Amino acid sequence: MLTKLSLRNAGRTWKDYLVFFVTLVLIAAIMFSFNGLLFDPNIRTLETDSYIIAVMLGIATFFILLVLAWLIQYMIRFMMKKRSREFATYLLLGMKRRQITHIFWGESLALGAMAFLLGTIIGLFLRQFLFACFYTLIGKSYRLDFSWNTPSFLMTLLCFFSCYLLALLFHQKKFRGMNIAGLVRADRENECIREGNLITGAAASLAGIVYFVIFGTVLYFKGGSLDNDDIIRMIILLILSIYLLYWGLASLFSLYLKKRGKRIYHGTNLFLIRQLSSKIRTMRFTFGTLTVLFTLSLLGCSLALMLNQYQNTQLIYKYPFSVSILGNASSTMESEQAAINGLSPDAVTHVYKVYHNGGEQMRTYYLTHLRAFAKYGGNPGNGPGGGTSASVDSLISMPDGIWAQYYNHDPFMRLSDYNALRRMLGFPEAGLPEGGYLLQTKYRLLKELGDDVYQVTVPAGGSELYLAGIYTDAFCQDGHNGSDYILVADDDVVEQMEVYYTELASMIPGTLSDEQIGAIYSSHTDYSDIIASGTDTMTLTITDTLISQELLAEGKWGYTSISLPMVYIGLVYLCVALTILSVQQLSDSGKYRYHCQLLSSLGLRRKQINRTLLKQMSWFYLCPILPAVLISGMAVIIISGKFVNATGVSGSAFTYFGISFLIFVGIYLLYFIAAYVGFVRDVWKE
């Protein structure tokens, strides 16, 4: 009989809490599909570093389980409170507390089982979409595969029901202490509101707002120089300030009501303000947690978009040649050429020398103008054209390792070699007037060079060469064709200089096998005794031999392994937060019947009352969302602006947050519309 009653209640509960049930289904489907990435045997063979995605997804799953457990225990506590009178009736009928506990456990687990099974079925199809996206991001082709993956199913089952059991056990003590009087009063606990000191509450709320401003200001002006400890402290204070905001926000509303603000009696504002103030006061911890979840959701999606943009554009920019090999000054690269020509008859290979004249004029300019060296005193002007009066002497506080970012002398290349490489990459040839030289540098650094860069002259052939032009095409400049920059001059001028090192660049059509890549590595034995790194920070490979196919695959795998878990966390957090809001609002439909009857008695038509309900729900939904949008928007815009400057990716700093916000709004509207339709239907059904 108890089992039958549990199943009947479960069938009724999923209808009453449809939004919660649907969210459980979505979480189960998303979790099952992402767990497929962990246990799919084909993915393990794609990359030797396959453990990276396993580690990242494991970390993501841990944080998701924390929130899922919180959601389930919140909903169990919520359902216990809403059904407290039903449980009181069971006690009056002679049921024992243990029997009531078994009924509630049975119906809760039945509800979870239904959601899990349905989510698993949906997850089979969602997995195909996820795998197709994953394979596309890492540059591989994918064929639909609906084969059953038992380990991912068991992993999802363990995670899902572990959260359920922990949540039920958390409330076990409350079941044991049930009594009829307490159960009858349980669903009215939120009506007992203590205002407390309004001035203290308002001051706390304003203090939270002030810290938001401080956080944005510090992040904007000092974000690049903050160490990890400073960032952690700022984030902890930010989270505390969010809870502080809601702890005193209701006091601000109460003060506004007591001061009788001008718009209190306009329309139904008095009703709306009192309802929102009551909700904030009874749900301030929940609102703070929801704001944190919304913020993390927007941040995760935005950061994932940044990484995706970088891997799709800048990785190719960094490694434009199929093969780049750096050798010592006397190297001929004969064995390397032979190995490459043996791989493909259509390979185009060019061997050339890089020279130096003992000068460091352009190197000095870069050290004294780039933001990367600002903290060492190298950029006193702090902007384009700044630091013109600085010299290398001002950089004596720089650690020795920093100097390895650049060669000791300015590297030079012959114009004929430069144009040969440009033809290989499909770029038009460069022209050079007599007495001039060209600067080939990275696109992201161009905005940091002031107009005074054209005043930098370099000695060569007994005369001073002037800067005739700047090129920023992809040119492999992380130590091979210079580090960050290389100078180009006429052949007869450069040939009078000293050879710095030897370089080989090759374009090989098609895809190389692991054996062919290994043959290229084995052919190179004349290692260079010097190599610089450049100032890139996102991706930096310091080695004599660069094979773009291998580096692009590793880069895409690494960045995809980071970005996908961010999207995973963001989607789950967003759904959980919106579920809490929706269920809270739907549960109040019974109370609002009385309010609507009262408003109707005051002369408001049904259309006007529905409009009032829409405003009330809009305020309720926006209360935890607006701070999250402002905080995450401020953080993402500042971070993405620095990201664009640091990596050279194209696009506005607003692009990443804009796309994330549109996705956020789309999911938000789905939950809001579903909750509003259900709320209005419940209010007017009697």
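For the numbers below, each heavy atom of this structure counts, side chains included, while hydrogens, waters and symmetry mates do not. Counting from 1, the numbers follow the sequence of the chain as shown. Only a predicted model underlies this, so the values are computations on that prediction, with no experimental measurement involved.
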Any chance you could lay out the side chain to side chain contact (heavy atoms under 4.5 Å, CB included) test for L315 and L551, step after step, and finish with the verdict? CA-CA 8 Å; L315 285 178; L551 294 171; over 6 Å; no
For the aromatic rings, using the six-membered ring if either is Trp, is the centroid distance between Y568 and F34 under 6.0 Å? yes
Do other residues, nucleotides or ligands put more than 12 heavy atoms under 6.0 Å from [X] [atom1]?
X: Y443; atom1: OH; result: no
X: E495; atom1: CD; result: yes
X: Y466; atom1: OH; result: yes
X: Y471; atom1: OH; result: yes

Shortest non-hydrogen contact from [X] to [Y]?
X: S335; Y: S523; value: OG-O, 2.9 Å
X: S660; Y: L298; value: O-CD2, 3.9 Å
X: I486; Y: N481; value: CB-O, 3.6 Å
X: T502; Y: A329; value: OG1-O, 3.3 Å
X: L326; Y: I530; value: CD2-O, 3.8 Å
X: T441; Y: I470; value: CG2-CG2, 4.0 Å

Answer yes or no: is there a donor N or O on one side and an acceptor on the other, between the side chain of [X] and the main chain of [Y], under 3.5 Å?
X: Q549; Y: L512; result: yes
X: Y501; Y: H480; result: yes
X: Q128; Y: L124; result: yes
X: E360; Y: T364; result: no
X: S33; Y: I30; result: yes
X: R422; Y: P428; result: yes
X: S152; Y: F32; result: no
X: Q440; Y: D473; result: yes

Salt-bridged, [X] to [Y], with N to O below 4.0 Å?
X: R371; Y: E448; answer: yes
X: K442; Y: D536; answer: yes
X: D410; Y: R363; answer: no

Quick one about [Y] and [X] (side-chain donor to acceptor, distance below 3.5 Å, no hydrogens or angles considered), yes or no?
X: Y418; Y: R414; value: no
X: Y407; Y: D484; value: no
X: Y406; Y: T535; value: no

What do the steps show when you test S528 against D544 for side chain to side chain donor-acceptor pair (under 3.5 Å), and what is the final call? CA-CA 7 Å; S528 175; D544 284 17; 5.5 Å; no
Could you measure the distance from the [atom1] atom of [X] to the [atom2] atom of [Y]? Nearest 0.5 Å is fine.
X: I547; Y: F321; atom1: CD1; atom2: CZ; result: 15.0 Å
X: K353; Y: D417; atom1: NZ; atom2: CG; result: 10.5 Å
X: L421; Y: N419; atom1: CG; atom2: CG; result: 9.0 Å
X: Y521; Y: Q516; atom1: OH; atom2: CD; result: 13.5 Å

Stepwise, does the side chain to side chain donor-acceptor pair (under 3.5 Å) test hold for N328 with S330? CA-CA 6 Å; N328 58 45; S330 61; 3.2 Å; yes
Validation row: Y365, Q455 side chains within 4.5 angstrom (heavy atoms): no
Can you find a heavy atom in the side chain of P459 that is under 4.5 Å from one in the side chain of Q361? yes
Using the ring of each side chain (for Trp, its six-membered ring), is Y527 parallel, tilted or perpendicular to H524, with breaks at 30° and 60°? perpendicular
Going by the angle between their ring planes, with limits at 30° and 60°, are H409 and H356 parallel, tilted or perpendicular? parallel
Check against side chain to side chain donor-acceptor pair (under 3.5 Å), Y319 and D478: CA-CA 9 Å; Y319 311 115; D478 286 343; 5.0 Å; no
Using side chain to side chain contact (heavy atoms under 4.5 Å, CB included), reason through L445 and Y366 one step at a time and then give a plain yes or no. CA-CA 9 Å; L445 299 177; Y366 270 67; 4.0 Å; yes
With side chain to side chain donor-acceptor pair (under 3.5 Å) as the test, would you mind laying out the steps for N308 and Y559 before giving the verdict? CA-CA 7 Å; N308 183 60; Y559 288 117; over 6 Å; no
